[in-house]
Amino acid sequence: MSSQSANPPSPPVRDLCILRLSALGDVCNLVPSVRALQEAHPDIRITWVIGAAEYSLLKGLEGVDFVIYNKKTGFKGMRDLGRQLKQKQQGKPFDVLLHMQAALRASILSRFIPARRRIGFDKARAKDFQNWFVNEQIVANPQQHVGEGFLDFVRYLGVQPQSLQWNLPIPVEAEEEAATWQPEQHPYLVLSPCSSNRARNWRNWSTAGYAALVDYAYEHYGLRTLVTGGNSELEHQTFAELEQLASAPLVKAVGQTSLKALLCLIRDARLVVAPDSGPIHMAVAMQTPPLGLYATSNPKRTGPWLGREFVANRYPEAVKKFLGKEVEEIGWGQRVRDPAALDLITLDDVKERLDAIMAASPDCLKEQKERLDEN
């Protein structure tokens, strides 16, 4: 792996704090940066300030001391976290804070983290005035995937990542939990049909489209579908509609699995189908082919780090139809704020990507990662 960034000389770092609270996909994409730092500096001490759900996904990551911040606690929680860190550090500041979340709430929280050096994104990526809260910025590296953006912090510290490594820990109890949901002796795909609801940030495809894909996967490849997701009303309603529309058998695990068990289910699946959401990045971490559905966000930035050729991508068409421009004419992270953009993804698009995954080696992501590591 290489980068064209020219980084300044950096003093040694022994005690480092990462600030990245959310989301599930982003923290998955950040893990290779942690692994690169640990590989280069085996004695480095890493503290990671993280959200509660994200912690439940990464809990047990070797060599990392997690400190949880709950955004519902507001300023009081920030003050409490600051006191906790001061006690943990015995009054000594961290050598470095890697402020890896360009959001105003995270920036305010960063002021409660004692650190000599505060490093944030470069000007183009430092959203929500993040540059006001740091004293150093990483080198600009335009039009990068989110994961590469995290690796730019590692490069800024003088470490050249040699490979992409996740190795997410999975406890025995998660293996046992996952086994209760897996279709016995049947190959299966994991379908996570719903992304989290955010203001004017539409990502979810049609339930009818998912149902037709479920039937196609079963009829052509014998794949059963295991449906996962959170415990929201939308996700339960989506499953109920799927059950009515699909003829193929479904396994309902919606709102019933831990994130560690979901990692197991994803690891053992033939593929994962999901919109722009955490399970796509979890699939990459577990080296399972990701069939992502993208129309309102750019998969070159927020899509799967590996296996991007398996994405059903209608983002360029959506940009042209709803923004009246070509992709090259808009900002790198710009979204299409129209729910009708998802209608541009056709059933044939998704079938073709499923066919491509089934024609590829089950180890295709592992092989792709090895080629990337060599380069």
Side-chain angles (χ1 to χ4, degrees), residues 22-26 103 127 143 145-146 189-217 225 227-230 232-247 250 254 271-281 283 290-304 307-357:
S22 61
L24 294 176
D26 290 319
K127 309 299 182 185
Q143 299 191 343
H145 185 270
V146 168
L189 66 85
V190 167
L191 171 61
S192 181
C194 301
S195 68
S196 58
N197 281 325
R198 297 181 185 177
R200 300 183 66 245
N201 191 3
W202 293 280
R203 307 183 193 182
N204 296 335
W205 198 40
S206 71
T207 308
Y210 283 129
L213 181 68
V214 164
D215 288 343
Y216 180 80
T225 296
V227 186
T228 67
S232 69
E233 181 180 347
L234 172 63
E235 286 161 301
H236 286 290
Q237 179 184 341
T238 298
F239 180 84
E241 293 174 1
L242 273 173
E243 205 169 27
Q244 288 183 339
L245 295 170
S247 301
L250 299 172
V254 178
L271 71 148
V272 172
V273 180
D276 180 7
S277 57
I280 287 294
H281 306 288
L291 201 172
L293 285 72
Y294 286 75
T296 60
S297 55
N298 188 349
K300 292 183 178 180
R301 179 180 178 271
T302 63
R308 215 168 300 160
E309 67 272 21
F310 300 134
V311 165
N313 177 20
R314 288 293 178 178
Y315 178 69
E317 291 83 355
V319 169
K320 190 167 187 177
K321 181 174 181 178
F322 297 99
L323 302 181
K325 297 181 180 181
E326 300 295 332
V327 171
E328 295 76 18
E329 299 177 275
I330 65 172
W332 180 242
Q334 186 168 345
R335 294 185 181 272
V336 177
R337 305 290 185 180
D338 195 312
L342 276 302
D343 296 335
L344 295 174
I345 300 175
T346 68
L347 179 58
D348 285 342
D349 290 338
V350 187
K351 285 180 179 179
E352 287 174 4
R353 295 302 86 211
L354 175 61
D355 292 340
I357 289 172

Q) Are Phe310 and Val273 side-chain neighbours, meaning at least one heavy-atom pair lies under 4.5 Å? A) no

Q: Say whether Tyr210 and Asn204, considering side chains only, have a donor N or O and an acceptor N or O under 3.5 Å apart.
A: no

Q. Closest approach of Pro279 and Val272, non-hydrogen atoms and distance?
A. O-CG1, 4.0 Å

Q: Nearest 0.5 Å please: distance from the OH atom of Tyr216 over to the CG atom of Asp348.
A: 9.0 Å

Q. Looking at CG of Leu242 and CG of Leu191, how far apart are the two atoms once the value is rounded to the nearest 0.5 Å?
A. 6.0 Å

Q: Assess whether atom NZ of Lys351 is packed by more than 12 heavy atoms of other residues, nucleotides or ligands within 6.0 Å.
A: yes

Q) Say you draw a straight line from CG of Asn313 to CZ of Arg353; how long is it, rounded to the nearest 0.5 Å? A) 10.5 Å

Q. Under a 4.0 Å N-O cut-off, is there an ion pair linking Asp343 with Lys321?
A. no

Q: Considering non-hydrogen atoms only, spot the tightest contact between Ser297 and Arg335 and give its length.
A: CB-NH1, 2.9 Å

Q: Mind checking the CG-CG spacing from Asp276 to Leu293? Nearest 0.5 Å is all I need.
A: 10.0 Å

Q.
Between Arg337 and Phe322, does the side chain to side chain contact (heavy atoms under 4.5 Å, CB included) criterion hold? Intermediate values first, please.
A. CA-CA 8 Å; Arg337 305 290 185 180; Phe322 297 99; over 6 Å; no

Q. Which heavy-atom pair separates Leu245 from Asp215 by the least distance, and what is that distance?
A. O-OD2, 4.2 Å

Q: Please report the shortest heavy-atom distance between Ala341 and Val336, naming the atom on each side.
A: CB-CG1, 4.0 Å

Q: Check whether any side-chain heavy atom of Arg301 sits under 4.5 Å from a side-chain heavy atom of Val146, and report yes or no.
A: yes

Q: Kindly give the heavy-atom pair with the smallest separation between Pro275 and Arg203, and that separation in Å.
A: CB-O, 3.3 Å

Q: Verify side chain to side chain contact (heavy atoms under 4.5 Å, CB included) between Thr302 and Tyr315, making sure each step is shown before the conclusion.
A: CA-CA 12 Å; Thr302 63; Tyr315 178 69; over 6 Å; no

(Q) How close do Gly209 and Ser206 get, counting heavy atoms only, and between which atoms? (A) N-OG, 3.0 Å

**Q.** Donor-acceptor contact below 3.5 Å, side chain His145 vs main chain Gly303
**A.** yes

Q) NZ/Lys325 to CD1/Ile330 distance, rounded to the nearest 0.5 angstrom? A) 8.0 Å

Q. Roughly how far apart are Asp26 CG and His281 NE2, rounded to 0.5 Å?
A. 7.0 Å

